[in-house]
Amino acid sequence: MIPVVSTHCRDYALAEVRRAVEEVLEPLGGIEAFVKPGQRVLLKPNLLRASSPERGVTTHPALVRVISEMVRDVGARPVIADSPSLGPWILVARMTGMAEVAKGTGAELLNLNRAVTVRTPKGFSFRVLELAREVFEVDCIINIPKLKTHSMTLLTLGVKNLFGCVPGFRKSSWHLKTGTNRELFATLLLEISLLIKPSLTILDAIWAMEGNGPTAGELRFVGRILASPDPLALDRAVVEALGLDPPSLLTLGVADKRGILPEVDFIGDSLRLDGFKLPDTVPPLPRPFRGLFRNLLTPKPKIDRSKCTGCGECVRVCPPKAISLKGKTPSVDYEACIRCYCCQEICSQGAVRLK
Ligand code: SF4
Ligand code: SF4
């Protein structure tokens, strides 16, 4: 049984967040159980894109600040790092509030953009993975995801957050390799998390995103912070709070098939997510129907021209280059589209709908 600790947190006021983080870490032995003096500690928030904290797209800077201060108080060196899909790192760091956190806490800011090819252990489906070199140059990793829905993977939690450790420009090639096979993409996410092995995962579930996340969903107050030494256990606790079977989240389903899905020892304030709106996407099809009905039953990205500004970000992020701009209007080639929904994920205008 793996502990998952949950406590209430009213808002992002620093004193309130500090109290809550100390409370969730206390049954786990405190921050000292994970971080030792002199260590270089990588903090991995969700910094999907350049977006201000109030929009709920990224991990809130108050939580990263508190964890950064706690790491520093132990005598270790915090490093705030991610590899956003789009946008200059410095702009992402500034807009998300991370640049200010780094300045205020003396943390290093690091763009995870140097790739290294890693041979995986026996039993993995992927023989090699391409991850950020920096991930293997630190002593400890603290994973700091945000509770959000995700049109492709249902939710983005502890395991999915670590996909950010794949350097930005390489994410597209992994989407292309896994194509329309969502179970294979979930296998990739699981194996990345098993390889990176964060020491601790702390979930920002104060303000969450429901509906068609991870960018254009709606904000929902949940008022919780959760922590666990195992991202799989934390993800399982959230999925069960939604009233779903763990395999509904494919990463948990793949872990279950491999016999590595942990049982959860839930400690603290209960987490109930009744009526939490999930994305409009349908669940993955059973294998025999995948080829036959995929085009009919899997939602397609459609551009809402009334919202589209013609910025072209969806064109740049689309792994198979299935979107082109005709003048200022994007057009999707559905034969080439692999239904990865990166376009929907990146569109800040909410102009990509899934139909
Ligand atoms: S759909 Fe969104 S990302 Fe694509 S061009 Fe329009 S506004 Fe930009
Ligand atoms: S059009 Fe959108 S969903 Fe289709 S492959 Fe491109 S980014 Fe993915």
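Below, each value reflects all heavy atoms present in this structure, side chains not excepted, and no hydrogens, waters or symmetry copies. One-based numbering, in listed order, for ligands and for the atoms of each. All of these numbers come straight from a predicted model, not from anything done at the bench.
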Close-contact set for ligand 2 against Ile323 heavy atoms, below 4.0 Å: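 Answer for ligand 2: 1 (S).
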
Residue Pro320 vicinity, atoms of ligand 2 by number, heavy atom under 4.0 Å: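 The list of qualifying atoms is 5 (S).
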
Closest protein heavy atom to [atom], given as residue, atom name and distance to 0.1 Å:
atom	result
atom 2 (Fe) of ligand 1	Cys347 SG, 2.4 Å
atom 7 (S) of ligand 2	Cys343 N, 3.4 Å
atom 3 (S) of ligand 2	Tyr341 N, 3.1 Å
atom 6 (Fe) of ligand 2	Cys318 SG, 2.3 Å
atom 4 (Fe) of ligand 2	Cys337 SG, 2.3 Å
atom 5 (S) of ligand 1	Gly312 N, 3.3 Å

Quick one: does ligand 2 sit under 4.0 Å from the side chain of [X], the backbone, both or neither, non-hydrogen atoms only?
X	answer
Cys314	neither
Ile338	both
Gln344	neither
Cys340	both

Asp265/Arg236 under salt bridge (Lys or Arg N to Asp or Glu O under 4.0 Å): CA gap, chis, key distance, verdict: CA-CA 11 Å; Asp265 175 17; Arg236 179 178 185 158; over 6 Å; no

Atom 2 (Fe) of ligand 1 to nearest N/O/S of Cys311 below 2.8 Å: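 Here the distance criterion (N, O or S atom, under 2.8 Å) is not met by Cys311, so no.
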
Will you find, in the side chains of [X] and [Y], an N or O donor that is under 3.5 Å from an N or O acceptor?
X	Y	answer
Ser306	Asp304	yes
Asn46	Asp82	no
Arg258	Ser125	yes

From Leu42 atom CG to Glu134 atom CD, the distance as rounded to the nearest 0.5 Å: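 Separation between the atoms: 8.5 Å.
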
Atoms of ligand 1, numbered as shown, that sit under 4.0 Å from any heavy atom of [X]:
X	answer
Thr309	6 (Fe), 7 (S)
Gln349	7 (S)
Cys308	1 (S), 5 (S), 6 (Fe), 7 (S)
Gly310	5 (S), 6 (Fe)

ring-ring contact (aromatic ring centres under 6.0 Å, His included) between Phe163 and His150, intermediate numbers included: CA-CA 13 Å; Phe163 190 51; His150 193 286; 9.3 Å; no

Audit row: Val79, Arg40, side-chain contact (heavy atoms from CB on, under 4.5 Å) steps and yes/no: CA-CA 7 Å; Val79 181; Arg40 203 160 161 252; 3.8 Å; yes

Parallel, tilted or perpendicular: ring planes of Trp174 versus Phe126, cut at 30 and 60 degrees: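 If you compare the ring of Trp174 with that of Phe126, the planes turn out perpendicular.
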
Val352 with Met152, same ILVMFWY side-chain cluster at under 4.5 Å: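 No: no chain of side-chain contacts under 4.5 Å links Val352 to Met152.
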
Verdict with supporting geometry, Arg224 and Asp269, salt bridge (Lys or Arg N to Asp or Glu O under 4.0 Å): CA-CA 8 Å; Arg224 291 284 184 278; Asp269 292 338; 5.0 Å; no

More than 12 heavy atoms from other groups under 6.0 Å of CD on Glu26: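 Not more than 12 within 6.0 Å, no.
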
